[in-house]
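Lettering of chains follows the sequences in order, A, B, ..., and the numbering in each one begins at 1. Since the structure is predicted, the reported quantities are computational estimates derived from the model, not experimental observations.
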Protein chains: 2
Amino acid sequence: MEKTYSIKEVADYFNLPISTIRYYDKKGLLPFVSKNDTGYRVFSESDFGFIKTICRLKDTGMPIKDIKTYIDLCMQGTSTIGQRKQMLQRHKANVLKQQQLLTNSLKEIDTKISRYDSKDSFNLITAQIKFVQHEKKGLKLRDPFIRDPFI
Amino acid sequence: MEKTYSIKEVADYFNLPISTIRYYDKKGLLPFVSKNDTGYRVFSESDFGFIKTICRLKDTGMPIKDIKTYIDLCMQGTSTIGQRKQMLQRHKANVLKQQQLLTNSLKEIDTKISRYDSKDSFNLITAQIKFVQHEKKGLKLRDPFIRDPFI
DNA sequence: CATTGCCCTGAACTATGGTTTAGGGTTTAA
DNA sequence: TTAAACCCTAAACCATAGTTCAGGGCAATG
């Protein structure tokens with residue numbers, strides 16, 4: 001006979017707090033989970049597959065409402081295959097866009113790092129500060145840099 | 001003479017709501033922005049550089065508190081170059097980890113898409129449903145699939 | 001057969017990152 | 001010189017994603 005699992009076992013397996021699993025259930029993400037006659041949640045092997053999918057969608061930033069929509073489609077059987085596919089394809093497109101933004105932003109941050117990393121960093125930053133101070137002064141704006149008390 | 005900019009001009013340039021810029025200011029992210037004698041924020045050209053950095057850090061998921069810490073370091077002059085470098089390097093490591101997770105999760109989602117996309121999808125999903133139903137039945141657990149009213 | 005460890009619910013609470021509203025002053029262009 | 005377009009603050013409000021707490025019931029082990 002196949003085994004069943006308690007909420008703690010599932011939580012440990014997926015490295016999630018028990019409270020999160022309860023929260024997901026309350027939000028309707030776990031319609032496939034049964035309860036026994038004393039009200040305890042009873043997880044089966046196949047539930048792990050669904051939960052894994054939920055985790056992947058969560059890890060890629062899908063909102064809980066949308067995950068619920070997806071899971072609900074899954075529970076409606078083969079007639080929703082087209083909708084599910086469309087959801088995942090749209091989501092994939094979003095993730096790719098997000099990855100692109102991340103990559104581009106990181107490139108700019110990397111540029112900053114290499115400036116800080118260069119032998120010349122002190123002079124570069126000093127010049128930057130001087131430039132800002134000159135510009136602010138020309139506009140009669142407050143100098144934003146904090147006076148070093150030791151100089 | 002160099003130009004100054006209003007909050008609306010900055011908001012339009014960065015494609016941010018004005019309320020977000022005020023919120024960032026309240027959170028201490030914009031210590032370099034001056035105010036004129038009627039209390040209006042006055043932005044200079046060089047402020048755009050700082051704000052661009054803030055946007056890059058935000059786009060890569062740095063929390064606002066940490067962005068404030070970074071900007072505060074910037075305002076303290078050359079003595080903080082090492083700390084700033086360290087912050088960005090740590091942040092970069094986090095972003096790379098996040099990108100890795102995203103990539104791996106997306107790969108699994110892609111596998112699902114291709115299953116939905118295959119000619120055989122109907123049979124695959126049908127088999128999956130049958131498997132779950134069989135397993136749940138063996139464990140005397142409720143069948144989670146919704147009965148199709150047209151069959 | 002009691003104690004320890006689990007499990008449950010509902011409701012309150014938290015953190016984050018904003019947005020909206022109320023009430024009021026400023027600038028600009030006709 | 002007045003209306004429209006801006007600007008300000010403080011405070012309330014919102015959504016999202018959980019976490020914590022109070023109060024109480026089951027399970028298993030010594």
Value in whole Å for how far the C1' atom of dT16(D) lies from NZ of Lys58(A): 13 Å
Asp143(B)/Lys136(B) under side chain to side chain contact (heavy atoms under 4.5 Å, CB included): CA gap, chis, key distance, verdict: CA-CA 6 Å; Asp143(B) 177 352; Lys136(B) 295 275 185 186; 5.7 Å; no
Contact letters for nucleotides 24-30 of chain D, in which S counts primed atoms plus P, OP1 and OP2 and B counts the base, heavy atoms under 4.0 Å: -BBS---
Residues within residues 9-30 of chain A bordering DNA chain C, heavy-atom distance below 4.0 Å: Ile18(A), Arg22(A)
Integer-rounded Å distance: dC6(C) P and Lys8(A) NZ: 6 Å
Rounded distance (Å) that lies between atom P of dA17(D) and atom CD1 of Ile54(A): 13 Å
Side chains of Gln99(A) and Thr103(B), donor plus acceptor under 3.5 Å: yes
Sub-6.0 Å ring centroid separation between Phe48(A) and Tyr13(A): yes
Heavy-atom side-chain contact between Arg22(B) and Arg41(B) under 4.5 Å: yes
Greater than 12 external heavy atoms within 6.0 Å of Arg90(B)'s CZ: no
Short side-chain N/O contact from Arg41(B) to OP1 or OP2 of dC7(D), under 4.0 Å: no
Nucleotide of dC7(D), dC7(C), dC8(C) approaching Ser6(A) most closely (side-chain heavy atoms): dC7(C)
Protein-nucleotide distance (Lys68(A), atom NZ; dA17(D), atom P), rounded to Å: 14 Å
Check: Arg115(B) side chain, Ile125(B) main-chain N or O, donor-acceptor pair, under 3.5 Å: no
Ring centroid separation Phe145(A) to Phe32(B) under 6.0 Å: no
Distance-only polar pair, side chains of Gln83(B) and Tyr70(B), donor-acceptor under 3.5 Å: no
